[in-house]
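Here's the structure we're looking at; comments come further down.
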Amino acid sequence: MTTLAHDTLPIGDLLADCTLGRVQSVGRMQVLPLLGDTVDAPTVTVPTDLWIGTSGYGTLTFVNHSPHVALVPCHLAVLVERSAQDHAMPRAALVEPSGELAFDAAMCVQQTQPGLIPAGPQPLAVLPLTLRAAASASADADGYSRLWPAVQRFNASAGLAETGNLALFTKHYALELERFVAEFECVPDQVGAVVLLDGEVAGIERAPSRAYWSAMWAPLIRFCYGAEAIRHGLHDPGDPPPSRTVLTLPGGDGAAVGDPYDVLAEALRAADAEEQRRAEAALGAGADQVVTTTREVAHAGVTVGRAEGEGWVGAYAVCADRPIYTSLTARSFGG
């Protein structure tokens, strides 16, 4: 069993006990599922069961009605339809069993909208990939408006007004963002995913349970990675990335011999196998890179903290030194 006894470790150690599923590919994005047996994993309250609100600008409140510890995911964003200032987290956090947390280092992400969010169940999001490094970098800074400059740059890079209002992007591209949820689906036994953009690993996500993963997959693929795929495509709308495989028929175009359906099926199998190989190779290169883990808070046997490296930023959680949660994004997508 791999443990996290050291503060510096390969990313692969954070994926211990996970196996790889079949890669899913749509356009410039690919998702490599992480599969795992969570029978022995601790019970962790899923974020959708939390009551979330704001008690002041820069303070997110969490109420955990469950008898189990709750893990607030790294860079969680609360984007509401009502007239209230949207907020986001700069890091991951824990809420004690049947407890409450007032996190007073949160960030406002809707510059022009006043108002507080009443506590209750909320629609969840995760900050776009481009903003996550900036959010982590400001985790220890003061001021609820500290992410506005990064949001302004993000909106401008997507062809929108240069404002610190993240809702401007999510509303403008709402239909495009929703398509990512339909195009990439969870598979049985899935507890995480490796997300690639143009053949490069953009993020590595692992959840403590299948239920937790199921609750967080749509917020991740829609807002975090889908947003970056849209923004990236605006600046580089070229041919399919090198990670995608061109379908090649034996003997060249029109020269294949045999039943055409069998020939096509074999060509598809070969293309799928090659895309799987390329995705796994990209993950292998990333898994060998190291991150430094910093333990921040512990409750009910679960410890959560930061995980940062030269090319990565995010968070992790362990139980009895076994990794149960990972959320890492590549700094190369920092905008």
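Because the structure is predicted, anything quoted here is derived from the model rather than measured.
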Legend entry - Ser136 side chain to His75 side chain, donor-acceptor N/O pair below 3.5 angstrom: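 Indeed, the side chains of Ser136 and His75 share at least one donor-acceptor pair under 3.5 Å.
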Of all heavy-atom pairs between [X] and [Y], which one has the smallest distance, and what is that distance?
X      : Y      : value
Ala105 : Ala139 : CB-O, 4.4 Å
Tyr225 : Leu328 : OH-O, 4.0 Å
Leu50  : Ala70  : CD2-CB, 3.7 Å
Glu310 : Arg331 : O-CD, 3.2 Å
Ser98  : Pro67  : OG-CA, 3.9 Å
Phe223 : Ala125 : CD1-CB, 3.3 Å

Side chains of [X] and [Y]: closer than 4.5 Å at any heavy-atom pair?
X      : Y      : answer
Pro47  : Leu124 : yes
Trp213 : Cys186 : yes
Asp189 : Asp37  : no
Val201 : Val195 : no
Thr163 : Leu168 : yes
Leu166 : Leu127 : yes
Cys74  : Met89  : no
Ile324 : Val318 : no

Assigning hydrophobic clusters by single linkage (Ile, Leu, Val, Met, Phe, Trp, Tyr; side-chain heavy-atom cutoff under 4.5 Å), is [X] placed with [Y]?
X      : Y      : answer
Leu35  : Val31  : no
Tyr212 : Val187 : no
Ile221 : Tyr173 : yes
Val290 : Leu14  : no

Inset, instruction - Run the numbers on Leu20 and Leu283 for side-chain contact (heavy atoms from CB on, under 4.5 Å), then give the verdict. - result: CA-CA 10 Å; Leu20 300 178; Leu283 171 60; 3.6 Å; yes
Inset, instruction - Take Thr294 and Asp7, measure what side-chain contact (heavy atoms from CB on, under 4.5 Å) needs, and give me the verdict at the end. - result: CA-CA 7 Å; Thr294 305; Asp7 291 334; over 6 Å; no
Inset, instruction - Not counting sequence neighbours, list each pair that qualifies as a salt bridge (charged side-chain N to carboxylate O under 4.0 Å, His left out) and has a residue in residues 126-139. - result: Arg132-Glu205
Legend entry - All pairs passing salt bridge (charged side-chain N to carboxylate O under 4.0 Å, His left out) where residues 146-175 contributes a residue, at least two apart: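 Residue pairs passing salt bridge (charged side-chain N to carboxylate O under 4.0 Å, His left out), neighbours aside: none found.
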Inset, instruction - Considering only NZ, NE, NH1 and NH2 on the basic side and carboxylate oxygens on the acidic side, decide whether Glu275 and Arg278 come within less than 4.0 Å. - result: no
Legend entry - Carboxylate-amine/guanidinium contact Arg295 Asp321, below 4.0 Å: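 Yes, this pair counts.
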Legend entry - Residues forming a ring-ring contact (aromatic ring centres under 6.0 Å, His included) with Phe103, sequence neighbours excluded: none
Legend entry - Residue list, ring-ring contact (aromatic ring centres under 6.0 Å, His included) with Phe62, at least two apart or on another chain: none
Acceptor/donor pairs from residues 174-185 side chains to any protein atom, 3.5 angstrom cut, sequence neighbours excluded:
{"unit_1": "Glu178", "atom_1": "OE1", "unit_2": "Arg222", "atom_2": "NE", "d": "3.0"}
{"unit_1": "Glu178", "atom_1": "OE1", "unit_2": "Arg222", "atom_2": "NH2", "d": "3.1"}
{"unit_1": "Glu178", "atom_1": "OE2", "unit_2": "Arg222", "atom_2": "NH2", "d": "3.2"}

Legend entry - Gap between atom CD of Gln30 and atom CD of Glu200 - 0.5 Å precision: 12.5 Å
Inset, instruction - Nearest 0.5 Å please: distance from the CG atom of Leu76 over to the CD1 atom of Ile52. - result: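 Answer rounded to 0.5 Å: 5.5 Å.
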Tell me if a side-chain donor or acceptor on [X] pairs with a main-chain N or O of [Y] at a distance below 3.5 Å.
X      : Y      : result
Tyr325 : Pro73  : no
Thr54  : Gly56  : no
Gln85  : Gln110 : yes
Gln111 : Asn165 : no
Asn64  : Thr45  : no
Ser138 : Ala135 : yes
His87  : Gly58  : yes
Gln276 : Gly21  : yes
Arg28  : Gly199 : no
Ser327 : Gly314 : no

For [X], what residues pass the side-chain contact (heavy atoms from CB on, under 4.5 Å) criterion, not counting sequence neighbours?
X      : value
Val80  : Val78, Arg82, Ala84, Asp86, Ile117, Gln122
Asp142 : none
His172 : Leu160
Thr59  : Ser55, Thr61, Ala102, Asp104

Inset, instruction - Take Thr292 and Glu308 through the test side chain to side chain donor-acceptor pair (under 3.5 Å) and record every step on the way to the result. - result: CA-CA 5 Å; Thr292 298; Glu308 299 181 340; over 6 Å; no
Inset, instruction - Please step through salt bridge (charged side-chain N to carboxylate O under 4.0 Å, His left out) for the pair Arg231 and Glu228, ending with a clear verdict. - result: CA-CA 5 Å; Arg231 193 190 72 88; Glu228 177 59 18; 3.1 Å; yes
Inset, instruction - Please report the C-alpha distance between Leu129 and Leu197 in whole Å, then the side-chain angles of each, then the deciding distance to 0.1 Å, and finally whether the side-chain contact (heavy atoms from CB on, under 4.5 Å) criterion is met. - result: CA-CA 11 Å; Leu129 175 59; Leu197 289 172; 4.2 Å; yes
Inset, instruction - Show the numbers, then the answer: is there a side-chain contact (heavy atoms from CB on, under 4.5 Å) between Leu147 and Ser145? - result: CA-CA 6 Å; Leu147 199 61; Ser145 63; over 6 Å; no
Hey, what else clusters with [X] if you join Ile, Leu, Val, Met, Phe, Trp, Tyr whenever side-chain heavy atoms sit under 4.5 Å?
X      : answer
Tyr57  : Leu116, Tyr144, Trp148
Val313 : none
Trp51  : Val63

Legend entry - Pair Arg322-Asp13, salt bridge (charged side-chain N to carboxylate O under 4.0 Å, His left out): steps then yes or no: CA-CA 9 Å; Arg322 292 180 58 186; Asp13 285 7; over 6 Å; no
